[in-house]
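Read through the structure below, which is laid out as structure tokens, and then see the notes.
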Amino acid sequence: MRIVIAGGHGKVALRLTRLLAERGDAVVGIVRNPDHVDDVRQAGGDAVVLDLERATVDDVAAVLADADAVVFSAGSGNSATATRRDRVDAAAPVLLMDAAEQAGVRRFLHVSSINVGCAENPDIGEGYATYLRAKRVAEQHIMARDSLDWTLLRPGVLTDDPGAGTVQLTIGHPDGSAVVRFDQVSRDDVAAVLVALLDRRDTARRAYVLVGGDTPIDQALTS
């Protein structure tokens, strides 16, 4: 397969690139900073420098030409302003979906958040709430796209612990969670789940909540 990853220099994205390249897939990471190209290449992928905050649909569609799947794994960062969160976490996924439609790419995976739906909870700080609102806007646009075989992945708090190869994976409510959760999951296991989702078209049009657990990933997707 040829897979394009938006946010190709992210910690999950680089792990995903490495896993896909090791099994022979062609991976292209979209990065904003030219200094990040070498890191993507060292992980086994190729890189295209493109700022999704300023790119046009045509710009992105050109990168997606002949792709089998697209993964949105970009993020605005912990210290981002509300404006940048809107541009990266809400608007950029819509841009990527528009480009996927133009390029004829149906498979679309989106990395979201376990707490989507909880932005109005009083225990959530305003910065995090702004991020969750932007993620929710992106999810709403994704779920409305009949032209895409989309899957939403809502991981818990990300850690750099070694992957266990076992997780807890549950079907998420379309509107997101009503309860704030801070369960953890390793970035290694998130990347491994994304690989498994790419291989399984029967996971399309579903939202999954992902945290650490005891079920092997292949089994978690079939349970």
Side-chain angles (χ1 to χ4, degrees), residues 1-33 36-50 52 63-64 66-75 92-93 96 100 105-114 142 148-170 172 183-204 206-223:
M1 290 194 295
R2 181 176 186 268
I3 298 102
V4 178
I5 306 174
H9 190 257
K11 292 182 178 181
V12 170
L14 288 173
R15 287 166 167 82
L16 176 59
T17 297
R18 191 171 295 109
L19 291 175
L20 292 171
E22 285 174 352
R23 71 177 197 173
D25 289 325
V27 185
V28 177
I30 297 176
V31 299
R32 184 169 60 95
N33 188 339
H36 294 162
V37 169
D38 285 345
D39 291 337
V40 176
R41 289 177 176 166
Q42 288 177 11
D46 197 1
V48 172
V49 179
L50 189 64
L52 295 178
V63 179
L64 302 188
D66 299 322
D68 297 291
V70 184
V71 180
F72 187 90
S73 188
L96 196 67
V105 182
R106 290 195 59 92
R107 193 70 173 113
F108 190 95
L109 270 60
H110 180 76
V111 181
S112 187
S113 168
I114 191 173
I142 291 167
L148 297 177
D149 296 328
W150 52 264
T151 303
L152 302 176
L153 186 64
R154 299 168 177 164
V157 178
L158 301 174
T159 76
D160 289 326
D161 295 338
T166 58
V167 297
Q168 180 187 94
L169 193 67
T170 55
D183 311 59
Q184 295 184 341
V185 62
S186 78
R187 290 180 172 89
D188 285 348
D189 286 330
V190 174
V193 168
L194 287 169
V195 172
L197 290 171
L198 285 167
D199 288 342
R200 296 195 50 146
R201 293 292 182 126
D202 61 346
T203 61
R206 293 182 181 178
Y208 291 95
V209 176
L210 173 64
V211 297
D214 300 322
T215 306
I217 289 170
D218 287 343
Q219 292 181 25
L221 283 171
T222 58
S223 59

Nearest 0.5 Å, what's the [atom1]-[atom2] distance between [X] and [Y]?
{"X": "Leu109", "Y": "Thr203", "atom1": "CG", "atom2": "OG1", "result": "6.5 Å"}
{"X": "Gln42", "Y": "Thr17", "atom1": "CD", "atom2": "OG1", "result": "12.5 Å"}
{"X": "Asp25", "Y": "Asp199", "atom1": "CG", "atom2": "CG", "result": "7.5 Å"}

Under the side-chain contact (heavy atoms from CB on, under 4.5 Å) criterion, do Arg107 and Thr151 qualify, and how do the steps go?
CA-CA 8 Å; Arg107 193 70 173 113; Thr151 303; 2.8 Å; yes

Which residues satisfy the ring pair (Phe, Tyr, Trp, His ring centres under 6.0 Å) test with Phe108, sequence neighbours excluded?
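With sequence neighbours excluded, Phe108 shows a ring pair (Phe, Tyr, Trp, His ring centres under 6.0 Å) to no residue whatsoever.
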
Residues in side chain to side chain contact (heavy atoms under 4.5 Å, CB included) contact with [X], at least two apart in sequence or another chain:
{"X": "Arg187", "value": "Lys11, Val12, Arg15, Leu158, Asp160"}
{"X": "Ala192", "value": "Leu19, Ile217"}
{"X": "Val111", "value": "Ser73, Pro155, Leu194"}
{"X": "Ala26", "value": "Arg2"}

Least distance between heavy atoms, [X] atom then [Y] atom:
{"X": "Ala21", "Y": "Ala43", "result": "CB-O, 4.0 Å"}
{"X": "Val40", "Y": "Leu14", "result": "CA-CD2, 3.9 Å"}
{"X": "Pro93", "Y": "His110", "result": "CG-CE1, 3.8 Å"}
{"X": "Leu198", "Y": "Ala69", "result": "CD2-CB, 3.6 Å"}
{"X": "Asp188", "Y": "Gly163", "result": "OD2-N, 2.9 Å"}
{"X": "Val167", "Y": "Ala220", "result": "CG2-CB, 3.9 Å"}

Which residues pass the side chain to side chain donor-acceptor pair (under 3.5 Å) test with [X], sequence neighbours left out?
{"X": "Asp46", "value": "none"}
{"X": "Ser113", "value": "none"}
{"X": "Arg41", "value": "none"}
{"X": "Asp183", "value": "Arg181"}

Non-neighbouring partners of Asp149 that pass salt bridge (charged side-chain N to carboxylate O under 4.0 Å, His left out), sequence neighbours left out:
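By the salt bridge (charged side-chain N to carboxylate O under 4.0 Å, His left out) rule, Asp149 matches Arg106, Arg201.
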
Partner set under salt bridge (charged side-chain N to carboxylate O under 4.0 Å, His left out) for Asp161, not counting sequence neighbours
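Partners of Asp161 by the salt bridge (charged side-chain N to carboxylate O under 4.0 Å, His left out) criterion come out as none, since no residue qualifies.
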
Could you give me the CA-CA distance, side-chain angles and deciding distance for Val195 and Leu16, then say whether side-chain contact (heavy atoms from CB on, under 4.5 Å) is met?
CA-CA 7 Å; Val195 172; Leu16 176 59; 3.5 Å; yes

More than 12 non-hydrogen atoms from neighbouring residues, nucleotides or ligands closer than 6.0 Å to CG on Asp214, yes or no?
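No, CG of Asp214 has 12 or fewer neighbouring heavy atoms, counting only those of other groups under 6.0 Å.
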
With a 6.0 Å cut-off (strictly less than), is the heavy-atom count around CG of Asp66, excluding the residue itself, greater than 12?
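Not more than 12 within 6.0 Å, no.
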
Identified side chain to side chain contact (heavy atoms under 4.5 Å, CB included) partner of Leu197 from the options Leu152, Leu210, Val71, Leu153:
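It is Leu153; the other options fail the test.
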
So if I apply the side chain to side chain contact (heavy atoms under 4.5 Å, CB included) rule between Val63 and each of Leu96, Val70, Val4, which one comes out positive?
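The single option meeting the side chain to side chain contact (heavy atoms under 4.5 Å, CB included) with Val63 is Val4.
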
Within the 4.5 Å heavy-atom criterion, are His9 and Asn33 side-chain neighbours or not?
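His9 does not reach Asn33 side chain to side chain.
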
Heavy-atom side-chain contact between Thr215 and Leu169 under 4.5 Å:
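Not touching, per the 4.5 Å side-chain cut-off.
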
